[in-house]
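Below: one structure, written as structure tokens.
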Amino acid sequence: MDLGLKNRVALVAAASTGLGRATAERLALEGAKLTICARSQQTLETAAAEIRATSGSEVLPVLCDVTNESDVRRVVDATVERFGRLDVLVTNAGGPPSGGFAEFSDGLEPYRHALELNLLSTVSLTQAAVPEMRKNGWGRVIAVTSLAAKQPSTSLLLSSVARAGVLAFTKVLATELARENITVNSVCPGFTMTERLLELAEAESSRGGVTPEEIYDRWRSDIPARRIADPDEFADVVAFLASERASYVTGVALAIDGGIIKSLY
Ligand code: NAD
């Protein structure tokens, strides 16, 4: 199937490692021109060079903290300056610290930070990118959230709260933008092998007095597919949503989770 991504211009946020990196690489392999952004110059340059080498696509690396509105504007402006347009936006950032109400029962600061990191960064990236899509009457916005967006978790309180907001934001936006040929969807990764998962395993192991390997075993036994995903399995689904082929898919929150989410929707 030709995804129709050749020469499309995509911006993938937080793309030097993990799910963002895998997504950027997949889009580049499909022929898209890319801007990738992250906070560290060195990992960003390395990721850009590696993606160029594997895909042959043009990759523009731009330093950006996605919680900083002016950084976000700068990334979108740099993309349009370099490539002349912006067709696909993948919003992404790191996840907030794990823990439940016991850990976050004193003060609002951790909540503010989580909302800035995961909800408001999605809003500001979208605010900056959508006007560029409107100019061409075509666009794809894909927000990376979490299984916690659909199935709030006692060990991921901050993430659960912030991601639910992202699902509401993308649903409203999808309804408003559908007539302009711009689709807006969220993706909800389940357990996927990245640095974030390593951090979560270590945090849970130190709280529960068990080894990280025992935590992985527990997760695997909870996942109907009985395994942890590879980031490429996530990236393939995002590439489909970004593609010409997904033109009538909008407003969904798609789980890429090996079946672990138990809700109907
Ligand atoms: P990761 O922690 O491995 O990578 C996240 C990347 O985002 C890192 O490169 C980090 O430097 C960058 N980043 C963090 N804060 C940033 C900021 N303010 N501005 C720019 N870049 C920033 O995470 P991942 O596994 O790739 O996950 C991506 C998203 O998906 C995260 O929000 C994560 O919580 C969520 N998620 C991941 C999993 C999983 O199993 N991996 C499951 C559910 C949800």
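Heavy atoms only: backbone and side chains are in, while hydrogens, waters and symmetry mates are out. Whatever order the structure lists them in is the order used to number ligands and atoms, beginning at 1.
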If you scan protein heavy atoms around atom 9 (O) of ligand 1, the nearest is Thr17 OG1, 2.6 Å

Using the rule side-chain contact (heavy atoms from CB on, under 4.5 Å), only one of Pro97, Ser98, Pro96 pairs with Ser159; which is it? Pro96

Any chance the side chains of Glu214 and Thr211 put a donor and an acceptor closer than 3.5 Å? yes

With a heavy-atom distance limit of 4.0 Å, tell me whether Leu200 approaches ligand 1 through its side chain, its backbone, both, or neither. neither

Protein heavy atom at shortest distance from atom 18 (N) of ligand 1: Asp65 OD1, 2.8 Å

Looking at ligand 1, does any of its N/O atoms fall within less than 3.5 Å of an N/O of Pro189? no

Closest by any non-hydrogen atom to atom 42 (C) of ligand 1: pick that one out of Ser146, Ser121, Gly190. Gly190

Give the cluster check for Val249 versus Leu173: same hydrophobic cluster or not, with ILVMFWY residues linked at side-chain heavy-atom distances below 4.5 Å. no

Top protein contact for atom 37 (C) of ligand 1, by heavy-atom distance: Leu19 CD1, 3.9 Å

So is there a nitrogen or oxygen of Val144 less than 3.5 Å from a nitrogen or oxygen in ligand 1? no

Shared ILVMFWY cluster between Val66 and Val144, side chains joined below 4.5 angstrom? no

Please indicate whether any nitrogen or oxygen in Thr192 is less than 3.5 Å from any nitrogen or oxygen in ligand 1. yes

Using a 4.5 Å cut-off on heavy atoms from C-beta on, say whether the side chain of Trp138 contacts that of Glu244. yes

Non-hydrogen atoms of Lys262 and Asp222 that approach each other most closely: NZ-O, 4.3 Å

Using a strict 4.0 Å cut-off to heavy atoms of Gly95, name the atoms of ligand 1 that fall inside it. 31 (C), 32 (O), 34 (O)

Counting from 1, what ligand 1 atoms have a heavy atom of Leu197 closer than 4.0 Å? 40 (O)

Can you tell me which residue and heavy atom of the protein come closest to atom 28 (C) of ligand 1, and the distance to 0.1 Å? Asn92 OD1, 3.3 Å

Do Arg112 and Glu109 sit within salt-bridge range, that is, some charged N less than 4.0 Å from a carboxylate O? yes

For Gly18, the atoms of ligand 1 under 4.0 Å from one of its heavy atoms are 26 (O)

In the protein, what heavy atom is nearest to atom 2 (O) of ligand 1, and what distance, to one decimal place, separates them? Arg196 CB, 3.4 Å

Just to confirm my output: which protein heavy-atom neighbour is closest to atom 19 (N) of ligand 1, and how far is it? Val66 N, 2.9 Å

Just checking, is any N or O donor in the side chain of Ser186 or Thr170 under 3.5 Å from an acceptor N or O on the other one? yes

Evaluate whether atom CD of Gln42 has more than 12 neighbouring non-hydrogen atoms of other residues, nucleotides or ligands under 6.0 angstrom away. no

Could you check atom 31 (C) of ligand 1 against the protein and tell me its nearest heavy-atom contact, residue, atom and distance included? Ala93 O, 3.0 Å

Could you tell me which non-hydrogen atom of Ile223 sits nearest to which non-hydrogen atom of Asp257, and how far apart they are? CG2-O, 4.0 Å

List every atom of ligand 1 that sits less than 4.0 Å from any heavy atom of Thr145, numbering the atoms from 1 in the order shown and giving each element. 30 (O), 35 (C), 36 (N), 44 (C)

Among all protein non-hydrogen atoms, which one is nearest to atom 20 (C) of ligand 1, and what is the separation to 0.1 Å? Cys64 O, 3.4 Å

Does the side chain of Ser40 pick up a donor-acceptor pair with the side chain of Thr43 at under 3.5 Å? yes

Checking heavy-atom distances from atom 34 (O) of ligand 1 to each of Glu116, Arg163, Glu195, Arg39, the winner is Arg163

How are the rings of Phe104 and Tyr111 set relative to one another: parallel (under 30°), tilted (30 to 60°) or perpendicular (over 60°)? perpendicular

So is Thr194 polar-close to ligand 1, meaning N/O to N/O under 3.5 Å? yes

Can you sort out which atoms of ligand 1 are near Leu117, meaning under 4.0 Å from one of its heavy atoms? 15 (N), 18 (N)

Ion pair check, Arg85 and Glu132, cut-off under 4.0 Å: no

Any N/O of Phe191 closer than 3.5 Å to an N/O of ligand 1? no

Any donor-acceptor N/O pair, Ser160 side chain to Ser153 backbone, under 3.5 Å: yes

Leu147 to ligand 1: N or O pair under 3.5 Å? no

Polar contact flag for Glu199 and ligand 1 (N/O pairs, less than 3.5 Å): no

Polar contact flag for Ala14 and ligand 1 (N/O pairs, less than 3.5 Å): no

Between Arg73 and Glu69, is there a salt bridge with N-O shorter than 4.0 Å? no

Does ligand 1 have an atom that lies less than 4.0 angstrom from a heavy atom of Ile228? no

